[in-house]
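In what follows, chains carry the letters A, B, and so on, assigned in the order in which the sequence lines appear, proteins first and then strands, with residues in each chain numbered from 1.
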Amino acid sequence: MGRKLPRKFYSRTDTVQIARELLGKLLVVPDENGRRVSGMIVETEAYLGVEDRGAHSYGGRRTARNEVMYGIAGHVYVFFVYGMYYQFNVVTGPADHPHAILIRGVEPVDGIDTMRERRGDRIKKDRDLTSGPGKLAIAMGIDRSLNGADLLGDQCWLEQYRNIADAEIASGPRIGIDYAGEDALRPWRFWLKGNEYVSRR
DNA sequence: GGAATGATTCTCT
DNA sequence: GAGAATCATTCCG
């Protein structure tokens with residue numbers, strides 16, 4: 001069992017670099033009985049604050065929903081989209097530097113039976129448990145109650161897990177932000193080449 | 001107050 | 001590959 005990544009990991013200003021480094025880290029969210037449910041991060045996307053049309057904080061937009069993006073690095077930003085899915089993000093950089101990284105895919109490590117229960121019987125292949133941001137939120141038990149949680153606290157956290165070589169990492173445009181114009185083309189999505197739990201390949 | 005829409009997924013065809 | 005599901009949040013008036 002690893003130990004929690006330090007605040008310093010999150011508070012650096014280069015969010016794109018942090019998004020790369022999140023690959024291979026373990027996301028741990030204990031269940032209601034305190035048992036570990038975890039997955040190795042295999043896909044991330046960086047959202048770069050005020051100058052990124054794809055980000056909720058574009059142009060300095062600051063609302064009740066995205067308030068935690070403006071807070072201390074190493075906290076969790078959870079929001080709800082499409083009337084049915086939660087998205088799990090990690091806040092990076094200094095305060096008032098509203099950057100965040102979306103976790104889009106994890107490979108199940110601990111508590112895979114719990115994940116199967118949460119996802120329901122219709123999920124036949126384990127591959128479909130956590131290969132997408134909405135799916136992994138369901139499987140990991142992520143909802144609104146985690147919004148604003150501290151990754152150095154006990155509700156959820158990240159641990160060192162596997163070392164990833166640069167050659168294993170691929171990058172490309174982010175998903176689902178066509179409205180962002182030029183910024184939709186920026187290669188700020190990262191994933192582990194060939195991993196089954198990447199949302200789209 | 002009301003209308004529009006989204007950092008998605010699933011189910012057909 | 002298209003269309004539905006489904007609602008909190010945002011923006012405008």
Side-chain angles (χ1 to χ4, degrees), chain A residues 10 15-16 18-20 22-23 27 39 41-71 73 75-93 97-108 115-149 151 156 158 170-191 195-201:
Chain A
Y10 306 103
T15 300
V16 172
I18 299 172
R20 292 175 65 97
L22 282 179
L23 297 174
L27 169 61
I41 296 171
V42 302
E43 183 180 355
T44 63
E45 282 180 358
Y47 285 86
L48 305 198
V50 301
E51 68 268 25
D52 176 4
R53 289 187 72 86
H56 290 164
S57 50
Y58 174 66
R61 251 179 28 231
R62 181 168 186 162
T63 65
R65 179 175 69 154
N66 70 9
E67 182 61 28
V68 299
M69 289 185 79
Y70 287 83
H75 285 249
V76 175
Y77 174 36
V78 175
F79 64 92
F80 189 63
V81 268
Y82 300 120
M84 42 177 89
Y85 299 109
Y86 291 101
Q87 310 278 295
F88 181 91
N89 302 257
V90 173
V91 175
T92 61
H97 185 261
H99 288 204
I101 298 168
L102 171 68
I103 307 302
R104 291 190 54 92
V106 304
E107 177 179 312
M115 295 187 193
R116 291 193 187 104
E117 282 172 30
R118 288 170 173 164
R119 292 282 284 133
D121 294 335
R122 58 168 187 248
I123 303 302
K124 301 190 173 71
K125 292 173 299 191
D126 282 352
R127 186 186 159 181
D128 290 322
L129 288 176
T130 53
S131 54
K135 299 181 200 175
L136 74 87
I138 297 169
M140 303 279 305
I142 290 161
D143 64 23
R144 190 185 220 47
S145 69
L146 282 185
N147 188 43
L151 288 169
C156 59
L158 299 182
S171 64
R174 294 170 295 176
I175 307 291
I177 54 163
D178 296 342
Y179 57 82
E182 299 262 305
D183 287 337
L185 304 176
R186 299 186 184 281
W188 292 339
R189 170 180 177 236
F190 300 96
W191 66 93
N195 188 286
E196 288 289 297
Y197 293 89
V198 171
S199 66
R200 305 183 192 181
R201 287 176 292 167

Would you indicate what [X] reaches in the nucleic acid, counting non-hydrogen atoms under 4.0 angstrom: base, sugar-phosphate, or nothing?
X: A:Arg174; result: nothing
X: A:Arg53; result: nothing
X: A:Glu45; result: nothing
X: A:Thr63; result: sugar-phosphate
X: A:Gly54; result: base
X: A:Arg189; result: nothing

Nearest 0.5 angstrom please: [X] [atom1] to [Y] [atom2], how far?
X: A:His56; Y: A:Asn89; atom1: NE2; atom2: CG; result: 8.0 Å
X: A:Ile18; Y: A:Arg20; atom1: CD1; atom2: CZ; result: 13.0 Å
X: A:Leu48; Y: A:Tyr58; atom1: CG; atom2: OH; result: 13.0 Å
X: A:Leu129; Y: A:Glu196; atom1: CG; atom2: CD; result: 12.5 Å
X: A:Ile177; Y: A:Glu45; atom1: CD1; atom2: CD; result: 6.5 Å

Are side-chain N/O atoms of A:Thr92 and A:Thr15 paired as donor and acceptor at under 3.5 Å?
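A:Thr15 and A:Thr92 do have a side-chain donor-acceptor pair below 3.5 Å.
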Rounded to whole Å, how long is the line connecting atom [atom1] of [X] with atom [atom2] of [N]?
X: A:Tyr58; N: B:dA7; atom1: OH; atom2: P; answer: 15 Å
X: A:Phe80; N: B:dG6; atom1: CZ; atom2: C1'; answer: 11 Å
X: A:Phe79; N: C:dT10; atom1: CZ; atom2: P; answer: 11 Å
X: A:Tyr86; N: C:dA8; atom1: OH; atom2: C1'; answer: 9 Å
X: A:Leu185; N: B:dA7; atom1: CG; atom2: P; answer: 17 Å
X: A:Ile142; N: B:dT9; atom1: CD1; atom2: P; answer: 13 Å
X: A:Arg200; N: B:dC10; atom1: CZ; atom2: P; answer: 12 Å
X: A:Asn66; N: C:dA8; atom1: CG; atom2: P; answer: 18 Å

Does A:Arg62 qualify as a cation-pi partner of A:Tyr70, given the criterion of NZ or CZ under 6.0 Å from the six-membered ring centre and within 45 degrees of its axis?
yes
Closest nucleotide among [options] to the [X] side chain:
X: A:Tyr179; options: B:dG6, C:dA8, B:dT8; result: B:dG6
X: A:Tyr77; options: B:dC10, B:dT9, B:dA7; result: B:dA7
X: A:Lys135; options: B:dA7, C:dA8, B:dC10; result: B:dC10

Does [X] put a side-chain nitrogen or oxygen below 4.0 Å from OP1 or OP2 of [N]?
X: A:Arg144; N: C:dA8; value: no
X: A:Arg61; N: C:dC11; value: yes
X: A:Arg62; N: C:dT9; value: no
X: A:Arg65; N: B:dG6; value: no

Heavy-atom check, side chain of A:Phe88 versus side chain of A:Leu27, under 4.5 Å:
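The answer is yes; the side chains approach within 4.5 Å.
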Indicate yes or no: at least one non-hydrogen side-chain atom of A:Tyr47 is less than 4.5 angstrom from one of A:His99.
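No. Closest side-chain heavy atoms not under 4.5 Å.
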Inspect the contact between A:Asp126 and A:Arg116 and indicate whether a charged nitrogen and a carboxylate oxygen are less than 4.0 angstrom apart.
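Here A:Arg116 pairs with A:Asp126 in a salt bridge, since their nearest N and O are under 4.0 Å apart.
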What stems show up for DNA chain B when you take Watson-Crick pairs (N1-N3 plus N6-O4 or O6-N4) and G-U wobbles (N1-O2, O6-N3), both under 3.5 Å, and require three or more consecutive pairs?
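Consecutive-pair runs (3 or more) involving DNA chain B: B:1-6 with C:7-12, B:8-12 with C:1-5.
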Taking the six-membered ring for Trp, are A:Tyr77 and A:Phe79 ring centroids under 6.0 Å apart?
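When the ring centroids of A:Tyr77 and A:Phe79 are compared, they turn out to be within the sub-6.0 Å range.
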For nucleotides 1-6 of chain C, tabulate all protein N/O to nucleotide N/O atom pairs closer than 3.5 Å, reporting atom names and distance.
from	atom 1	to	atom 2	distance (Å)
C:dT6	O2	A:Tyr82	O	2.6

